[in-house]
Amino acid sequence: MTTMTETSARFREFKMPDVGEGLTEAEILKWYVQPGDTVTDGQVVCEVETAKAAVELPIPFDGVVHELRFPEGTTVDVGQVIIAVDVAPGSGDAPAPAADPVQEPVEEPAAEAEPKGRTPVLVGYGVAESSTKRRPRKGAPAASEAAAVAAAVQAELNGHAAPAPAAAPAPSVPAQGGAAGGRPLAKPPVRKLAKDLGIDLATVVPTGKDGVITREDVHAAAAPAASEAPAQAAPAPVSAEAPVATEPTAVPDSARETRIPVKGVRKAIAQAMVGSAFTAPHVTEFVTVDVTRTMKLVAELKEDKDMAGVRVNPLLVIAKALLVAIKRNPEVNAAWDEANQEIVRKHYVNLGIAAATPRGLIVPNIKDAHDKTLPQLAEALGELVTTARDGKTSPAAMAGGTVTITNVGVFGVDTGTPILNPGESAILAVGAIKLQPWVHKGKVKPRQVTTLALSFDHRLVDGELGSKVLADVAAILEQPKRLITWA
């Protein structure tokens, strides 16, 4: 760790760690401690948001907080000092805090040789050093009574809870026992919800077990504030075609438009999709298929005792069908290595499932999905969806995917042209399953029909191979007994 002054034995600095896999920066969402607070080894001191997940950071030593280097809402590069701790309080005068929160930390004597161009982090070494310096956002100006709502919105932009109106101060709630530093008990998704709604958790009355604040508690606390707010203070609605853009930083600049800073997951999605679209030559093929027999199989599986306790739906059978198709056409499960100009064949399938969450669209994957039985696959799908909705998906769960399924049918959409997840060879879009007139055994009958779309990287998947994979998936969904005969 670095030192602050010549009293190196007394003060220790905690750097922003690489909490993901090669991530270069993170935004400080919330500080749980302030200067003067006592901290212990393993205590969570702040929550940060990377391009992949919201993560709480524990401090790795004991002491008294001397200085917070960056305010909430600041994006900090990996390796920069974010907090200084006095590990020997009372032993002498403390040095003055740094005047500029974005100044470069004082260099420490090298305890050991570090890899050239790398920044040390909590464990091992992080990403390459960046010359970019990021300054914290400017604070909101003092507001008059007439501009109280606008000041509250601006305060939320800064990453702080909106101040309560002077005429109606929020009731004081005793700190719940067991919380580090007396902070209210709540899970990270609930904290994020409170931040989105501009609710100070210290004013929320908990109803959960052991004094834990629930989502319902936050919504209940937000309801009175929403009813009192002027109509013009509400941000413009988000387009239905972008249901995951729910960042709490929308700032109404006028009555005619709303500006939303691009950061966190939304920023990562934008960068990844642009990189994928303009790097990998995409080809998309479509097929419409009668899935009536698959829907009957789903109904039967729901009653099967071997599937008790797991969620059974059409996506489960579609996922298994794609895995069988990949087994029959293994060349599709590959990646393009641009640096070495090689095609890398994967002998395993990490099946990604695109999930829309309050933090944005994420693609966690089921590791070694090709080895799982149908009940195991159903269990893995259920855990993946639950974890994503709770906001607990880890960066590791989103790394290493090989192919992906995106189910646009849940929105009533027939099909689409999905963009590849970076580093993957193919993505299958599943449309809505609808009752349609269909020629079956020479007669027009109502049948359950859906449209599949397969996008693939044309550098490593040619038209023949892509067509075979899509045709195999369609054939299995039309005659699901092929899950047995082709497996």
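No donor-acceptor pair closer than 3.5 Å links the side chain of His440 to the backbone N or O of Lys445. Not a single donor-acceptor pair under 3.5 Å links the side chain of His370 to the backbone N or O of Lys327. One N or O on the side chain of Thr450 and one on the backbone of Ala432 form a donor-acceptor pair closer than 3.5 Å. Under a 3.5 Å cut-off, the side chain of Asp290 and the backbone N or O of Val449 do not form any donor-acceptor pair. The closest donor-acceptor contact from the side chain of Asp414 to the backbone of Gly431 lies at 3.5 Å or more, if one exists at all. A side-chain donor-acceptor contact under 3.5 Å links Asp462 to the backbone of Leu465. In this structure a side-chain-to-backbone donor-acceptor pair under 3.5 Å is missing from Asn365 to Asn350. Looking at Gln479, its side chain never comes within 3.5 Å of a backbone N or O of Ile476 through a donor-acceptor pair. Proximity of a side-chain donor or acceptor of Asp337 to a complementary backbone N or O of Asn340 within less than 3.5 Å is detected. Thr294 places a side-chain N or O within donor-acceptor distance of the main-chain N or O of Leu477, the cut-off being under 3.5 Å.
Rounding to the nearest 0.5 Å places CD of Glu379 at 12.0 Å from CG of Leu374. Note that the CD1 atom of Ile28 and the OG1 atom of Thr75 stand 9.0 Å from one another [nearest 0.5 Å]. Note that OG of Ser455 is 12.0 Å distant from CG of Asn421, once rounded to the nearest 0.5 Å.
Residues Ile427 and Ile419 have side chains not in contact (no heavy-atom distance under 4.5 Å, counting atoms from C-beta outward). Using a 4.5 Å cut-off on side-chain heavy atoms (C-beta onward), Val408 and Thr406 make contact. Side-chain contact between Glu47 and Tyr32: present, with at least one pair of heavy atoms (C-beta onward) separated by less than 4.5 Å. Taking the side chain as every heavy atom from C-beta outward, Ile59 and Val85 approach each other to under 4.5 Å. Put simply, the side chain of Leu420 reaches to within 4.5 Å of the side chain of His282, judged on heavy atoms. Between Glu478 and Val291, every side-chain heavy-atom pair lies at or beyond the 4.5 Å cut-off. Side-chain contact between Lys30 and Val45 is absent, with no heavy atoms from C-beta onward closer than 4.5 Å. Taking 4.5 Å as the limit, some side-chain heavy atom of Lys346 sits within range of a side-chain heavy atom of Val344.
Contact check on Arg459 versus Glu338 returns a salt bridge, with a Lys/Arg side-chain nitrogen under 4.0 Å from an Asp/Glu carboxylate oxygen. Lys296 has no carboxylate O lying under 4.0 Å from a charged side-chain N of Glu300, or vice versa, which leaves the two without a salt bridge. Using a 4.0 Å cut-off between a side-chain N of Lys or Arg and a carboxylate O of Asp or Glu, Arg482 and Asp472 do not qualify as a salt bridge.
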What's the verdict on side chain to side chain contact (heavy atoms under 4.5 Å, CB included) for Gln43 and Val33, showing C-alpha distance, side-chain angles and the deciding distance?
CA-CA 10 Å; Gln43 177 180 332; Val33 296; 3.8 Å; yes

Audit row: Glu285, Phe456, side chain to side chain contact (heavy atoms under 4.5 Å, CB included) steps and yes/no
CA-CA 9 Å; Glu285 295 186 341; Phe456 49 87; 4.1 Å; yes

With side chain to side chain contact (heavy atoms under 4.5 Å, CB included) as the test, would you mind laying out the steps for Val310 and Leu377 before giving the verdict?
CA-CA 9 Å; Val310 296; Leu377 188 61; over 6 Å; no

Please walk me through it: do Lys15 and Glu13 pass salt bridge (Lys or Arg N to Asp or Glu O under 4.0 Å)?
CA-CA 6 Å; Lys15 298 179 179 180; Glu13 295 176 329; over 6 Å; no

Please step through side chain to side chain contact (heavy atoms under 4.5 Å, CB included) for the pair Glu25 and Val76, ending with a clear verdict.
CA-CA 5 Å; Glu25 62 186 22; Val76 182; over 6 Å; no

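In terms of heavy-atom proximity, Trp31 sits nearest to Phe70 at NE1-O, 2.8 Å. In this structure, Leu323 and Ala369 approach most closely via the heavy-atom pair CD1-O, 3.5 Å. Contact record, Met16 with Asp77: CB-O, 3.7 Å, taken as the closest heavy-atom pair. In this structure, Ala388 and Thr393 approach most closely via the heavy-atom pair CA-OG1, 3.2 Å. Across every non-hydrogen atom of Gly208 and Thr214, the tightest pair is CA-CG2, 3.8 Å. Closest approach of Ala325 and Val473 over heavy atoms only: CB-CG2, 3.7 Å.
Judged by distance alone, the side chains of Thr417 and Thr284 never bring a donor and an acceptor atom under 3.5 Å apart. If you check the side chains of Asn333 and Thr402, you find a donor sitting under 3.5 Å from an acceptor. Side-chain contact of Thr288 with Thr451: a donor-acceptor pair under 3.5 Å is present, judged by distance alone. Using modelled atom types, one finds no donor on one side chain facing an acceptor on the other under 3.5 Å when comparing Thr74 with Glu27.
The environment of Lys468 atom NZ is sparse: at most 12 non-hydrogen atoms of other residues, nucleotides or ligands sit within 6.0 angstrom.
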